Amino acid sequence: MTDDTSPPALRGVIRMGLMTTAASLGMGLVLSLVVSGPAAAAAAALAWAGLALLVALPVLTVIGVLIDEWRRREWSFVLAAVAALVLLGFAIVRKMQWALGA
Amino acid sequence: MFVLFTFLAGVGAGSVGALLGLGGGIFLVPILNIGVGLPIGQATAISLITVISTSNFVSLTSAGRKFANVRLALVLQVFSVAGAIAGTFLLDYLSPGGQERVFGATAALVAMVMVSRLNHRNVLHGVVEDLGTLGGRVEDPETGTEVAYRLRRLPLAVGVAGGAGVISTLAGVGGGVLIVPALNSWCGVPMRVAAATSAAIIGVTAFPGVLDSYARGNLTAPMLAAGAVLGAMVGSRLGFWVGAKVKVRSLKIFMALVLAVVASRYLFFK
């Protein structure tokens with residue numbers, strides 16, 4: 001039988017991440033509508049920061065599950081979480097190499 | 001004006017995504033591509049970001065916490081992410097038109113499977129001791145009783161997760177269009193559990209596709225992406241509010257209709 005609830009600490013991280021993302025994206029959008037010139041760059045930076053945080057959340061989620069399964073000493077699920085993180089890391093490294101190569 | 005349009009598109013995609021356990025990208029990509037006029041690469045990039053948003057939002061809702069099978073999601077994520085990475089390699093060789101036709105055919109197949117299994121509940125009645133490592137018990141909101149389920153055909157679920165990962169990267173969708181029907185119709189997982197578990201999977205699955213889109217220069221409009229993401233956040237809440245009021249059978253019929261429309265769009269009207 002599985003425990004069908006996500007770890008509370010993980011929920012806290014996701015909630016905080018989504019709230020920060022929404023705030024950053026919202027401020028970036030509003031700023032972009034009311035400012036122009038160099039200040040517009042700040043609006044874009046806010047939007048980019050929000051998007052970057054949002055994209056990072058899946059990785060944080062897997063790390064959270066890994067920690068939770070480690071505490072429960074459920075090694076087969078720890079292994080699954082590590083495998084997922086290795087794959088996500090591979091995707092990051094591959095795209096960094098691509099970007100640096102370009 | 002375009003930002004407002006992407007916000008509204010995000011609301012629609014997020015609500016349907018939360019309702020059906022999909023990322024909502026299946027609707028957002030055509031809207032951004034045809035409605036806003038973005039190139040397909042940019043549309044899929046923005047769509048994948050909203051998929052991450054919807055996935056995380058769903059995991060915070062009471063339905064997401066109650067119904068998602070976290071361990072099943074974890075196991076399937078390994079294969080869906082591997083598929084998504086494979087999709088980034090395939091993107092080098094497949095034309096956009098070919099990708100759309102593959103996706104259309106897949107959506108049509110899944111719609112047929114859903115319609116053919118409308119009355120299949122996938123719950124075990126009576127006292128059940130052995131639910132297996134990846135089974136579970138949840139409260140059925142329609143009857144108010146606790147129901148149990150046991151995961152069947154794990155290799156099939158793993159294969160579908162891998163395929164969903166490939167589709168996710170190629171078409172800019174979450175992959176829930178494959179995962180939800182497969183878990184529900186073939187693997188013995190109740191619909192609401194399948195939808196919530198799929199939602200947990202698709203955010204992680206979208207990650208390689210987003211990185212790939214950024215590396216290819218397809219993520220160049222942060223304000224449009226911001227509008228779509230904020231819309232998806234609002235839409236996700238709306239979708240769960242509606243989802244609590246509809247029955248599983250209605251959910252399946254609606255999902256099949258949605259998939260049929262999407263399939264015909266990609267196969268005949270592109």
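Source: prediction; values computed, not measured. Naming convention: chains lettered A, B, ... in sequence-line order (proteins, then strands); numbering from 1 in each chain.
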Item to check | Options B/V210, B/L48, B/T197, B/V78, ranked by heavy-atom pairs under 4.5 Å with chain A, top entry | outcome: B/V78
Checklist entry - Tell me, side chain or backbone of A/L51 under 4.5 Å from chain B's heavy atoms, or both, or neither? => result side chain
Next on the checklist: Within this structure, what is the CG-OG1 distance for the pair A/L29 and B/T6, rounded to the nearest 0.5 Å?
Outcome noted: 7.5 Å
Next on the checklist: Once you measure the plane-to-plane angle for A/F90 and B/F89, does it fall in the parallel (<30°), tilted (30-60°) or perpendicular (>60°) bin?
Outcome noted: parallel
Item to check | Heavy-atom pairs under 4.5 Å with chain B, option from A/S24, A/S76, A/S32 with the top count | outcome: A/S32
Item to check | B/L219 portion near chain A, given a 4.5 angstrom heavy-atom threshold | outcome: both
Item to check | Region of B/V204 in contact with chain A, defined by heavy-atom distances below 4.5 Å | outcome: both
Next on the checklist: If you compare all heavy atoms of A/A47 against all heavy atoms of B/P222, which two are closest, and at what distance to 0.1 Å?
Outcome noted: CB-CB, 4.0 Å
Item to check | Residue selection (most heavy-atom pairs with chain B, distance under 4.5 Å) from A/I92, A/V62, A/T21, A/T61 | outcome: A/I92
Item to check | Segment of B/F57 engaging chain A (4.5 angstrom heavy-atom cut-off) | outcome: both
Checklist entry - What part of A/V86 gets closer than 4.5 Å to chain B, counting heavy atoms only: side chain, backbone, both or neither? => result neither
Checklist entry - Quick one: of B/D212, B/V229, B/V81, who has the most non-hydrogen atom pairs under 4.5 Å with chain A? => result B/D212
Checklist entry - Can you list the residues that meet the side chain to side chain donor-acceptor pair (under 3.5 Å) rule with B/N56, with sequence neighbours excluded? => result none
Checklist entry - In terms of heavy-atom proximity below 4.5 Å to chain A, should B/M233 be classed as side chain, backbone, both, or neither? => result side chain
Next on the checklist: According to side chain to side chain donor-acceptor pair (under 3.5 Å), does anything in residues 73-89 of chain B pair up with another residue at least two apart or in another chain? List the pairs.
Outcome noted: A/R94-B/T88, B/S80-B/T205
Item to check | Approximate separation, where rounding is to 0.5 Å, of B/I85 CD1 and A/L87 CG | outcome: 4.5 Å
Checklist outcome for this item: When every non-hydrogen atom of B/I52 is compared with those of A/L54, the smallest separation belongs to CG2-O, 3.3 Å
